[in-house]
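Below is one structure, written out as structure tokens; comments come after it.
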Number of protein chains: 2
Amino acid sequence: MSNCIKDITHNEAFGLLTKSELSILENNKTSLKYDKSEVLIKQGTLSNSIVFVKKGISKIYIEGAQKKIILTIKRDNNFLGLSSLYTEDKTYQYTVSALEKCKVDLYDKMAFKEVLQQNVAFSNEIIKYINHNTTRFYKRLLCITEKNSRGKVADMILCLSNHIFGCLEFTIPLSRQELADFAGLSMENTIRILKEFEADKLIKLKGKNFKIKNKAVLERISEFG
Amino acid sequence: MSNCIKDITHNEAFGLLTKSELSILENNKTSLKYDKSEVLIKQGTLSNSIVFVKKGISKIYIEGAQKKIILTIKRDNNFLGLSSLYTEDKTYQYTVSALEKCKVDLYDKMAFKEVLQQNVAFSNEIIKYINHNTTRFYKRLLCITEKNSRGKVADMILCLSNHIFGCLEFTIPLSRQELADFAGLSMENTIRILKEFEADKLIKLKGKNFKIKNKAVLERISEFG
DNA sequence: CTAAATAATTGATATTTGTCAATTAATAAT
DNA sequence: ATTATTAATTGACAAATATCAATTATTTAG
């Protein structure tokens, strides 16, 4: 079983708001479009906005001293920056960049907090999103600590298939280096394992196009080794 | 710089509650004492309580198929189980066990949620705690991915010193195996690195008693390698 | 359309880390 | 106090993974 759990969309949260609360958000909204590889949120900058991605895939990653690690790939209808609400450190903890054209709404954080302060159902819905995220990271942490590199790569492929693209054949908007940053491995190692899986007829690779041929065995490898 | 950020206590949250809200909690509270190594929260069981630890040190860990990983060590005046609020999965994501005698209050989760639903300031304070926790785990994830084993051990020692015990000399309530589970390494490797640090006069070891002799160099090792 | 730049791949090698077995130290039970 | 049990330590070795260098493929810029 893959350690990657299905992401949830965040759009229902708006349905919990009154007209006046919605208009607070509307009046403090900036709608923007981002091109592929543009940065939506930059780690270390002041977290002045809560970002809602209406359309497009983006990657969330942490920039360390030596390495980058991709925390997750986000699809449409997700908030970004929620984890910077009410924290002592007033900066974003991660960078988010567009993997394809994205349409986003930036909400001023003050206005967002004003709405949070008024509407407890909304506030609790936000807790739900944050906690869903937390659950994912616990699983992620375990995966990184416990699995060997074959397991990590298998897990990543299953995660992409099950929870990002939702089908057995998909074209990733990621380079091999980014795949490696996602799996937490070196690029060379990642490539070698992908080729190994291909030789074993578990997947079919053509550049960025992936096709899963034997999910059961991939799941077994993900489970251990 | 250590990647371990200072934990915050959660007791101020109660100050945000009205008398009637406090009495909801009081009426749904069970006070218990736990002995060393007893389990307060068991991963995989239904998350029916929010636990407030009034007194005592505990360890939070995830039990994987092969390994355990200690997420963090918690001191007095902390909530446990907040990350299970409003999640789809109704079970605890981690196990918590007492490292010394602990006094805790168990609050019925339904009652806790009732109070959350009534008091938006309380709800937002809870968001603060959850997000503080999230910030820690992002740093943790980076640490595990990026640092080599010497860096991990150095980081752990600094974390214990700075944020769990708050001084340069301390006696850990952890076995060597637990230290290894905290660092995310094998026990043998952990021990070897500790001995190495001792030989290099960075620390002084006597069983479970630690004394930091050269913090600057430990910080440099934690930074990289 | 072609050159230049970047990304992907492969091989060889070094380093890191874990595993297993043996030994010693410390703690608990009688 | 003595034995039994568990925890800590050490050494030897194997396995896993990263690094470096070279090559090939792909993409981009003019």
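Each chain gets a letter, A, B and so on, in the order its sequence line appears, and its residues count up from 1.
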message: Looking at B/Ser149, I'd like to know whether one of its side-chain N or O atoms comes within less than 4.0 Å of OP1 or OP2 on C/dT17.
response: yes

field: Estimated bend of the helix from C/dC1-D/dG30 to C/dT30-D/dA1 (axis per five terminal pairs, rounded to 10 degrees)
entry: 50°

Would you list the protein and nucleotides 19-23 of chain D atom pairs, both N or O, that sit under 3.5 Å from each other?
{"unit_1": "D/dT19", "atom_1": "O4", "unit_2": "A/Arg192", "atom_2": "NH2", "d": "3.1"}
{"unit_1": "D/dC20", "atom_1": "N4", "unit_2": "A/Glu188", "atom_2": "OE2", "d": "3.1"}

- request: Check whether any side-chain heavy atom of B/Ile41 lies under 4.5 Å from a side-chain heavy atom of B/Val51, and answer yes or no.
  value: yes

- prompt: For B/Ile191 and A/Ile193, take the nucleotide of DNA chain D holding the closest heavy atom to each; which residue's nucleotide lies nearer the 5' end?
  reply: B/Ile191

- request: State yes or no: are the ring centers of A/Phe79 and A/Phe14 separated by less than 6.0 Å?
  value: yes

query: Would you call B/Asp181 and B/Lys68 a salt bridge, taking side-chain N to carboxylate O under 4.0 Å as the test?
result: no

task: Indicate yes or no: does B/Lys42 engage B/Glu63 in a salt bridge with an N to O separation below 4.0 Å.
output: yes

- prompt: Of the residues in residues 194-205 of chain A, which ones touch DNA chain C at a heavy-atom distance under 4.0 Å?
  reply: A/Lys195

query: Backbone N or O of A/Thr9 within a donor-acceptor pair of the A/Asn78 side chain at under 3.5 Å?
result: no

- request: Would you check if the side chain of A/Arg140 reaches a backbone N or O of A/Leu71 as a donor-acceptor pair within less than 3.5 Å?
  value: yes

task: Please step through ring pair (Phe, Tyr, Trp, His ring centres under 6.0 Å) for the pair B/Tyr138 and A/Phe137, ending with a clear verdict.
output: CA-CA 8 Å; B/Tyr138 286 158; A/Phe137 285 112; 5.3 Å; yes

field: Member of B/Phe165, B/Phe197, B/Phe170 meeting the ring-ring contact (aromatic ring centres under 6.0 Å, His included) criterion with B/Phe210
entry: B/Phe170

To the nearest Å, give me how far apart [atom1] ([X]) and [atom2] ([N]) are.
X	N	atom1	atom2	result
A/Asn209	C/dA8	CG	C1'	16 Å
A/Asp181	D/dT17	CG	C1'	16 Å
B/Leu174	D/dA7	CG	C1'	14 Å

Within 6.0 angstrom of A/Lys33 NZ, more than 12 heavy atoms from elsewhere: no

query: Within 45° of the ring axis of A/Tyr61 and under 6.0 Å from its six-membered ring centre, is that where the NZ or CZ of A/Lys59 lies?
result: yes

task: Tell me what A/Lys152 touches on the nucleic acid: a base, only sugar-phosphate, or nothing, going by heavy atoms under 4.0 Å.
output: nothing

field: Modelled atom types, side-chain donor and acceptor of B/Gln93 and A/Thr135, under 3.5 Å
entry: no

